[in-house]
There are 2 protein chains.
Amino acid sequence: MCPPDDLNAEARRHAERFQRVREAHQTELAEDYVELIAHLIEETGEARVVDLAGWLGVTNATVNNTIQRLQRDGLVTTKPYRSIFLTDAGRELAEQSRKRHDIVREFLIALGVDSQTADIDAEGIEHHVSSATLKAFAKFVNKARRST
Amino acid sequence: MCPPDDLNAEARRHAERFQRVREAHQTELAEDYVELIAHLIEETGEARVVDLAGWLGVTNATVNNTIQRLQRDGLVTTKPYRSIFLTDAGRELAEQSRKRHDIVREFLIALGVDSQTADIDAEGIEHHVSSATLKAFAKFVNKARRST
DNA sequence: ACAACATCTTAGCAAGGGCTAAATTTAGGT
DNA sequence: ACCTAAATTTAGCCCTTGCTAAGATGTTGT
């Protein structure tokens, strides 16, 4: 009797979007960690638990837990009481995250947001930007650059 | 002996940003729920567990859990086996979330992102946009509107 | 009125991600 | 070489956010 009702279709689409956001959440922390680890290795030669804890604003114990999970997931390697290294997968994820982060940050600045706010917001936004949107951001940055 | 070292200052700023993102995460779900509840009440007259579950893509039991927490936190009211209502605080949060969501979505579209991608990305981005950035987004949308 | 069905709730489980406190190991200074 | 301080790990706790399965309650059609 009922026509295939559009309300359900809308609900379904909505639900899909939510599932996607939930999935993104699961990779956020991993991205932040590998990005930071790559940065520390580049800048200081090594990544230690205590440094990560300081940069992330959490305790050493928390970092340790998380590193175990990242190791389980094949993103980092480490031996007891030693510093942390990225696997190939970890390095790749780190590189990709860094690029995205930079584009988002530059985009916000090009849009007229002050650089401190850009730093803060980029940290949250970067994990939720699809490649299509990222492309649009990059295009805008380039256009803004050319016109100055 | 050491000069107040800038590495630590950078680390401190980084840690603050992270803490802010972590805080945002704690309010995300609440925002999504009240936004959806407001929408359902407006469109269908009431918000029921089963509808929320369908729109969010989770089970009824999960919705129920979350609603308990939201009630504890003063955002919704409900009685056993009855539908869900927003408190004043809940309504306010819903309204604010809806506005932010809409601006982000319109902004992405104005930037040239296709509307389906805009729908998806807005869902993730909206919770991480400061009021300064939101203002910049709104300004861009208005400018784009005037120039067409 | 009441049986069947839908909805809601409860109970119990798991993983993620945070904490503190208490080992344990490593590294540095004398 | 050894003692101490720093770093790391472990253990045990908490809350959130998801799930399934089972029980309780409402609603509806005949």
Side-chain angles (χ1 to χ4, degrees), chain A residues 1-2 8 11 15-34 36-37 40 44-73 75-85 124 127, chain B residues 1-2 8 11 15-16 18-34 36-37 40 44-73 75-85 123-124 127:
Chain A
M1 185 193 183
C2 309
N8 280 358
E16 270 167 39
R17 293 202 289 272
F18 259 87
Q19 273 151 357
R20 213 172 291 215
V21 173
R22 261 182 281 140
E23 279 163 30
H25 276 163
Q26 301 200 318
T27 60
E28 271 187 48
L29 202 70
E31 287 174 3
D32 290 336
Y33 268 74
V34 295
L36 180 54
I37 290 167
L40 287 174
T44 72
E46 64 173 356
R48 310 229 49 145
V49 169
V50 68
D51 300 321
L52 287 168
W55 281 75
L56 294 167
V58 296
T59 62
N60 290 5
T62 295
V63 169
N64 214 55
N65 272 342
T66 308
I67 293 297
Q68 307 299 329
R69 252 176 300 144
L70 297 183
Q71 189 163 27
R72 181 200 61 191
D73 297 343
L75 294 170
V76 309
T77 59
T78 179
K79 280 185 238 172
Y81 300 97
R82 300 275 161 229
S83 69
I84 300 146
F85 302 93
H127 307 287
Chain B
M1 188 197 180
C2 309
N8 281 357
E16 271 167 39
F18 260 88
Q19 273 151 356
R20 213 173 291 216
V21 174
R22 261 182 283 141
E23 279 162 30
H25 276 163
Q26 300 200 317
T27 60
E28 271 188 48
L29 202 70
E31 288 174 2
D32 290 336
Y33 268 73
V34 295
L36 181 54
I37 291 167
L40 288 175
T44 72
E46 64 173 357
R48 310 227 47 144
V49 168
V50 68
D51 300 321
L52 287 168
W55 281 73
L56 293 167
V58 297
T59 62
N60 289 5
T62 296
V63 169
N64 213 55
N65 272 342
T66 308
I67 293 296
Q68 306 300 329
R69 254 175 308 162
L70 296 183
Q71 189 162 28
R72 181 200 62 191
D73 297 344
L75 293 171
V76 309
T77 59
T78 179
K79 279 185 238 175
Y81 299 97
R82 300 275 161 231
S83 70
I84 299 146
F85 301 93
E123 203 74 70
H127 306 289

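Just so we're clear, the structure is a prediction, and the values are computed from it rather than from any experiment. To find a chain, count down the sequence lines: A is the first, B the second, and so on, and within it residues start at 1.
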* What nucleotide, of C/dT25, D/dG18, C/dC8, holds the atom closest to the side chain of A/Arg22? -> D/dG18

* Structure fact -> Judged by nearest nucleotide, the residue sitting upstream toward the 5' end of DNA chain D, B/Leu29 or B/Pro80, is B/Leu29

* Asked: In terms of side-chain heavy atoms of A/Tyr81, which of C/dG18, C/dT24, D/dT10 is nearest?
  -> C/dT24

* Using atom CG of B/Asp32 as one end and atom C1' of D/dT16 as the other, report the distance to the nearest whole Å. => 15 Å

* To do: Would you mind reading off the distance between B/Asn60 atom CG and D/dT17 atom C1', rounded to a whole angstrom?
  => 15 Å

* Asked: Toward the 5' end of DNA chain C, which comes first, B/Lys79 or A/Val58, by nearest nucleotide?
  -> B/Lys79

* To do: Output the single nucleotide from C/dG18, C/dC8, C/dA27 whose closest atom is nearest the side chain of A/Arg82.
  => C/dA27

* Asked: What integer distance in Å separates B/Tyr33:OH from D/dT17:C1'?
  -> 9 Å

* Could you give the CG-to-P distance, from A/Asn64 to C/dG18, as a whole number of Å? -> 13 Å

* To do: Would you please confirm or rule out a distance under 4.0 Å between OP1 or OP2 of D/dT17 and any side-chain N or O of B/Asn65?
  => no

* **A/Val49 side-chain proximity, nearest of C/dC19, D/dT8, C/dT10** => D/dT8

* Asked: Under 4.0 Å between a side-chain N or O of A/Thr62 and OP1 or OP2 of C/dC19?
  -> yes

* B/Leu56 CG - D/dG18 P separation (whole Å) -> 8 Å

* Asked: What is the distance from CG of A/Leu52 to C1' of D/dA6, rounded to the nearest Å?
  -> 16 Å

* Using the side-chain contact (heavy atoms from CB on, under 4.5 Å) rule, take B/Thr27 and B/Asp73 through it: C-alpha gap first, then chi angles, then the decisive distance, then the call. => CA-CA 11 Å; B/Thr27 60; B/Asp73 297 344; over 6 Å; no

* B/Glu123 (side chain) donor-acceptor with A/Val21 (main chain) under 3.5 angstrom -> no

* Roughly how many Å is it from CD1 in B/Ile67 to C1' in D/dG18, rounded to a whole number? -> 15 Å

* 5'-most by nearest nucleotide on DNA chain C - A/Ala61 or A/His25 -> A/His25

* What's the CD-P distance between B/Gln68 and D/dT16, to the nearest Å? -> 13 Å

* Nucleotide nearest A/Val50 when distance is taken to its side chain, options D/dT8, D/dT17, C/dG16 -> D/dT8

* Asked: Hey, is the side chain of B/Arg48 poking within less than 4.0 Å of OP1 or OP2 on D/dT27, counting only N and O atoms?
  -> no

* Testing A/Val76, A/Leu70, A/Leu75, A/Ile84 for side chain to side chain contact (heavy atoms under 4.5 Å, CB included) with A/Tyr33, which one passes? -> A/Leu70

* Test item: B/Glu31 side-chain N/O and B/His127 main-chain N/O as donor-acceptor pair under 3.5 Å -> no

* Structure fact -> Against the side chain of B/Arg69, the closest entry in D/dC19, D/dA24, D/dT17 is D/dT17

* **A/Thr66/A/Leu52 under side-chain contact (heavy atoms from CB on, under 4.5 Å): CA gap, chis, key distance, verdict** => CA-CA 11 Å; A/Thr66 308; A/Leu52 287 168; over 6 Å; no

